[in-house]
Peer 1: 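One structure is given below, represented as structure tokens, and several questions about it will come after.
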Amino acid sequence: MRRIQVVATGGTIASRSGAEGRRATVLAEELVASVGPLPEGAEVSTRDVVTRGSYAFDTADLLALAREVRGTLRDGADGVVMTHGTDTMEETAFLLDLAFDDPRPIVLTGAQRPFDDRAADGPGNLGDALAVAADDAARRHGTLLVFDGFAFPARGVRKSDTMSAHAFTAPGRGAALRVVGRRVVPLWQSVPSPRLPLDLDLPRLPRVDVVPAYPGADGLFVRASLAEGAAGVVVAAVGAGNAGPELVEAVAEAVAAGHPVLICSRVHSGPVEPLYAGGGAELQRVGAIFAGDLSPWQARLLLAAASTVPGTSPAAVVRAWLAGRDPSSDTGS
Ligand code: ASP
């Protein structure tokens, strides 16, 4: 018997429509009841943690969800399914992926259409997520996000459509598993990312802001963010990792003052590389860290989590993690 714990947190999958707009009100038991037959040999229990839209979560909420998963794994569950709003699901999935080194499946899912929609996609997605969580093929993939018949490893997954039921993609990476009629079909075995020694009992993660680049972007937001106490910033750079001269100057100042700066792209797909004189090449020269194909939103959590690791610099932790090394064994920057 596989013991699967459903941890419900709200989102569209749990929402009904009303005069003020959609509101998450549906609890875990009703969500599971909507799925139809459960995976053979699975015993499903439910727990409601919060019932909210994920657009309202902060890092204190994300850590609370991670503690919930930790408790569930410690209690001996064989798999965890978290129902969650789609807006920030890629962030929660990534934080769980950073936090846990466990072969048991941790699976997030949700919906684009609310529970009371005649064509609700939540029951199908939750049924697929339960099938994945109960299947051996889902072990050792790290945290997975199951949506519209595909299971994506957390690193690199992005919400890529605001409305479509095919809401998520993993540009340049793809899905690791497919679910066909509740049957789990392995596509490839992903290599789980290194874990971070993240203290889940912290009240919240340190502030890290995402600063966008665009024609005419200056250093205002980088300086304002650091003045507000940010541990570092992530630049959502243009193209393959470029920014204009004033933003580059503010990044140089930030790094010189000891604040790590990560470079990602505002482009939906592809890695960043320090290619252009005065742009990306200059950002690298002044000490910014190029974050591969990580989205600005996942990179922000990586840097925030790295800033909590004792005994080493956040930049060293980030560099080790990006290189696929165990961050806790790295020192220096
Ligand atoms: N659109 C969102 C959802 O799918 C709202 C949220 O993130 O909670 O659930």
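FYI, side chains are in, hydrogens and waters are out, and symmetry mates aren't considered; it's all heavy atoms of this structure. Because the structure is a prediction, the values reported are computed rather than measured. Whatever order the structure lists them in is the order used to number ligands and atoms, beginning at 1.
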Peer 1: Identify the closest protein heavy atom to atom 4 (O) of ligand 1: which residue and atom is it, and at what distance?
Peer 2: T86 OG1, 2.5 Å

Peer 1: Under 6.0 Å between ring centres, would you say that holds for F94 and W321?
Peer 2: yes

Peer 1: Could you tell me the residue and atom name of the protein heavy atom closest to atom 9 (O) of ligand 1, and the distance to it rounded to 0.1 Å?
Peer 2: T12 N, 2.5 Å

Peer 1: Report the residue from D78, D135, D136 that forms a salt bridge (Lys or Arg N to Asp or Glu O under 4.0 Å) with R2.
Peer 2: D136

Peer 1: Before signing off on this row, confirm whether D87 and ligand 1 have an N or O atom pair separated by under 3.5 Å.
Peer 2: yes

Peer 1: Before accepting this row, confirm whether a basic side-chain N of the pair D58/R204 lies closer than 4.0 Å to the acidic partner's carboxylate O.
Peer 2: no

Peer 1: Is it true that D87 and K159 have a side-chain N and a carboxylate O under 4.0 angstrom from each other?
Peer 2: yes

Peer 1: Run the numbers for me: atoms of ligand 1, each under 4.0 Å from some heavy atom of G11, listed by number.
Peer 2: 8 (O), 9 (O)

Peer 1: Could you tell me the residue and atom name of the protein heavy atom closest to atom 8 (O) of ligand 1, and the distance to it rounded to 0.1 Å?
Peer 2: S54 N, 2.6 Å

Peer 1: Is any side-chain N of the basic residue among D75 and R3 closer than 4.0 Å to the acidic one's carboxylate O?
Peer 2: no

Peer 1: Tell me whether ligand 1 is touched by A111 - counting only heavy atoms on the residue side and a distance under 4.0 Å.
Peer 2: yes

